[in-house]
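Keep in mind the model is a prediction, meaning the values are calculated, not measured. Chain letters run A, B, ... following the sequence lines, proteins first, then strands; residues in each count from 1.
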Protein chains: 2
Amino acid sequence: MPLSAADIIAQLTALLGANGVIGEAGQMAGYLTEPRKRFHQPASAVTLPASVEQVQAIVRWASENRVGIIPQGGNTGLVGAQVPLRGDEVIVSLARLDRIRSIDVAAGTMTAEAGVILENAHKAAEAEDTIFPLWLGSQGSARVGGLLSSNAGGVNVLAYGNARELTMGVEAVMADGRLYRGLNSLKKDNTGYDLKDLLVGAEGTLGIITAATLKIFPKPEDHETALVSIAGPEAALTLFQLLRERIGSRLNAFEIVPRIGLDMQLRQGMLDRDPSAGTSPWYALIEVSRMRGGTPGALMAAIEAAFTDSLIDNAVFAESLADRTRMWAFREQMSEVQSKEGASIKHDVSVPIAAVPQLIAEGIAAAERLAPGIRPVPFGHMGDGNIHFNFSQPVGAEPKAFMAEFDEKLHEAIYEIVLRLGGSVSAEHGIGQLKIDLLEQVKDPVALDMMRAIKSALDPNGILNPGKMLPR
Amino acid sequence: MPLSAADIIAQLTALLGANGVIGEAGQMAGYLTEPRKRFHQPASAVTLPASVEQVQAIVRWASENRVGIIPQGGNTGLVGAQVPLRGDEVIVSLARLDRIRSIDVAAGTMTAEAGVILENAHKAAEAEDTIFPLWLGSQGSARVGGLLSSNAGGVNVLAYGNARELTMGVEAVMADGRLYRGLNSLKKDNTGYDLKDLLVGAEGTLGIITAATLKIFPKPEDHETALVSIAGPEAALTLFQLLRERIGSRLNAFEIVPRIGLDMQLRQGMLDRDPSAGTSPWYALIEVSRMRGGTPGALMAAIEAAFTDSLIDNAVFAESLADRTRMWAFREQMSEVQSKEGASIKHDVSVPIAAVPQLIAEGIAAAERLAPGIRPVPFGHMGDGNIHFNFSQPVGAEPKAFMAEFDEKLHEAIYEIVLRLGGSVSAEHGIGQLKIDLLEQVKDPVALDMMRAIKSALDPNGILNPGKMLPR
């Protein structure tokens, strides 16, 4: 017989103490409401373990009692992986495991607990004249465990990789409560299956990450940042290839934003002034790092070459930190500005880089055929082939009616194009509960069976984030 | 009742045709004898499938008949993963699946079948003015499937990563004969567990890789290569940090070799002339790449700074391709020259980079205590923390007696130091059958249980490379 909510709270309180458990609905609200407000299930309780041992105790208890548990970091995920699905789960917040255990500059590693807020990891690295290059909009609240469990991307993937590539090892509590001790600072270790990469990106369905050894890098001496006015995605692709050839792995970021994104932000008063060189159909935000002793001007020289080739129309270079900050704010505020412009329909998709122009052209055409007046706002990580293919409602439309009529249809249209181009329906946000039906439709059935077999092998009682990521 | 050898050959011949099966012991020899000649088991047959469908047919047959099968590429592995353990297995050579299926320069990808020889992958990339940067001694015979299954490293890991990091997706035949279609050209794809990284490095125990999407990179405009005379590993570590700060990700290689390695090669006539600036206790081979339009001289400037800081004693820069080739030959011939100097005892180990000097100092001291006159030859990938901690027999000792007396004892001594420093007992060569008992002693027991659970889940009948990698 399943435990009652009162039993659950009593037993967890016995395990963790009163300040380790939240059982009152009002106090749980902050753990249940996620950024896009799409999911609205209650939880049996929220736990706040203060140590790895307490996490183990919770998991052992959950295993014995067959209670579903949901690991949660900063609750910034966009697909509902970190909030309840059935309504009877226990949330395990890792927020109190927020210690940087060590930094080793010579080894290029930082060991951080799951609850460390990304911005604090940045600060800890910078205090040692290094960087931890995972950089994304929610870094003020996102936490290491969630970032790893969702294999977060962000704006520096081009040069440094996503969360998986930035992780050398993890420590995790497995479904039976035992601790997998996989922290390490080794660049090379071929002693068995790659369990680290299995746990990273598993959205808490295979184990609960409690700490990770992360890669830190020498702090570049300087950055060169430019906002380039460019005709469209085709020209941006050519420019990207030119920069890859000339600048190689020091090309940190290559982001694109259409004109409408700038118009919206200026209209909504989100920028103190226009960071661009003037009206252009598209903008590319490009950043290059320079190491100590390196020659400045690499980006300037490449942009001049592109200008000579008539590849670009104009460019502004950041001449101060304020300039650079404004350019990045322009890019980072794209999601926020859309929420001020009414309803929006979003797709986090990727295709092989060379197919990005086709994706954007076909996606815009399909959307405009479907919903005349719709405002396409495709932006994002061109250099990774990852476009946030978003749409804002027509000006003046009624948000709810717009969503009711077009949400599903537009998803279908965009995903059809993405799949035809060999792309992914979730480039960086993951599956969670939002895309679970979609995954069943599009994923290789052999891959799905392998995933299910691995899930059953590592979590035979199905207590770890039940119902997430794996269809049925 | 198990099938007889004659039945096995007859049934496989029915499946694959006569030229798809080798059943005669003499003709099998080349598939059974591995580079270090440590393992000497026969096989029931060698199969040479000509297509992915034939690989699937073999696996289905093996599954139905509970026959162990061993995938094999170029048979260059150093731990016996690719040769029989019990003596009744069927070898599945992927050598005939040797097609480069496609190259996409814009996407930065090449899709190669498992049997493609690494050198041919290099040539295919170079024909498109790109590089595939996996580079190691056996590249003339090693094949893609084996390189991925062993997660091969080599000399460019510093800038480009090991085989795992160079692989974007794999296609593999699973234990039930179904095909996992995981090829893709996406830089970002968060739609489920990381099956690619599970199959890479699994030594063929979870599936048979039949093809892979590999990363290719713009060809650098030029390289700067230097052979630096340096006092020892401590100074080399400081030099490495200086280069990382100044050159960042364009530092391709940082290899160290002790004086004895050069002496041996000169004595054995393996170098047409001394590539160094003269007698020195240690040498560091350093290579930096320059992208198109980049300023030359980055390595020269950094070496000058190191010289000013009295960090190094002398340096020679390669001034021609012949110079560069000779410096690399010096590094690459280290294994070969040891085989000409009598018996040797080898350890492929890694530690956090900062611990490399301590590893080398303690390892040499322990070996000299144990076996007076032994010749320590620790060399390799300093920049990855990966040292091939090898020892040559004392001059004049009897090889067999030396091995009998010291092989086990020296392993114990070196691995004790490696583990105390938080290192790995197999940095790049893997486990195979050579290190399986060792793995059981040193690996986190939770990790071992996870590995066993995954193996049972994906290969319930235990037909894929049975007995390899997983203890018991």
* Asked: Distance-only, no hydrogens or angles: does the A:N190 side chain make a donor-acceptor pair with backbone N or O of B:S150 under 3.5 Å?
  ->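 Yes: the side chain of A:N190 pairs with the backbone of B:S150.
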
* Quick check: does any side chain N or O of B:Q241 sit under 3.5 Å from a backbone N or O of A:A106, one acting as donor and the other as acceptor? -> yes

* Relative to chain B, which segment of A:M451 carries a heavy atom at a distance below 4.5 Å: side chain, backbone, both, or neither? -> both

* Would you mind checking which part of A:V157 comes under 4.5 Å of any heavy atom in chain B, side chain (CB onward), backbone (N, CA, C, O), both or neither? =>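 Contact with chain B is through the side chain of A:V157 alone.
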
Side chain, backbone, both or neither of [X] within contact of chain A (heavy atoms, under 4.5 Å):
{"X": "B:M450", "value": "both"}
{"X": "B:N151", "value": "both"}
{"X": "B:R290", "value": "neither"}
{"X": "B:V442", "value": "neither"}
{"X": "B:A202", "value": "both"}
{"X": "B:A447", "value": "both"}
{"X": "B:M469", "value": "side chain"}
{"X": "B:N386", "value": "side chain"}

* A:K187 side chain to B:S350 side chain, donor-acceptor N/O pair below 3.5 angstrom -> no

* To do: For B:K188 and A:S424, test the side chains for any donor-to-acceptor distance below 3.5 angstrom and give the result as yes or no.
  =>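 No, because no side-chain N or O of B:K188 sits under 3.5 Å from a partner of the opposite role on A:S424.
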
Most heavy-atom pairs under 4.5 angstrom with chain A, which of [options]?
{"options": "B:D449, B:L199, B:L237, B:L438", "value": "B:D449"}
{"options": "B:L186, B:I431, B:I353", "value": "B:L186"}
{"options": "B:G108, B:G192, B:S456", "value": "B:G192"}
{"options": "B:A427, B:A107, B:S185, B:P352", "value": "B:A427"}
{"options": "B:D104, B:L206, B:T109, B:T205", "value": "B:L206"}

* **Carboxylate-amine/guanidinium proximity below 4.0 Å for B:K215 and A:E165** =>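 Salt bridge flag = yes for A:E165 with B:K215.
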
Rounded distance [0.5 Å steps], [atom1] in [X] versus [atom2] in [Y]:
{"X": "A:L195", "Y": "B:L448", "atom1": "CG", "atom2": "CG", "result": "9.5 Å"}
{"X": "B:D194", "Y": "A:K196", "atom1": "CG", "atom2": "NZ", "result": "8.0 Å"}
{"X": "B:K219", "Y": "A:E245", "atom1": "NZ", "atom2": "CD", "result": "12.5 Å"}

* Asked: A:M291 and B:I247: side chain to side chain contact (heavy atoms under 4.5 Å, CB included), yes or no, with the steps?
  -> CA-CA 6 Å; A:M291 303 311 289; B:I247 296 175; over 6 Å; no

* For chain A, which residues of residues 175-182 of chain B have heavy atoms nearer than 4.5 angstrom ->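 Interface residues of residues 175-182 of chain B: B:R178, B:L179, B:Y180, B:R181.
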
* Residues B:L470, A:Y193; criterion side chain to side chain contact (heavy atoms under 4.5 Å, CB included); working and verdict -> CA-CA 9 Å; B:L470 290 132; A:Y193 299 154; 3.2 Å; yes

* Partners meeting ring-ring contact (aromatic ring centres under 6.0 Å, His included) with A:F217 (sequence neighbours left out) ->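 Checked A:F217 against ring-ring contact (aromatic ring centres under 6.0 Å, His included); matches are A:Y160.
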
* To do: Please report the closest heavy-atom contact between A:A457 and B:A453, naming both atoms and the distance.
  => CB-O, 3.5 Å

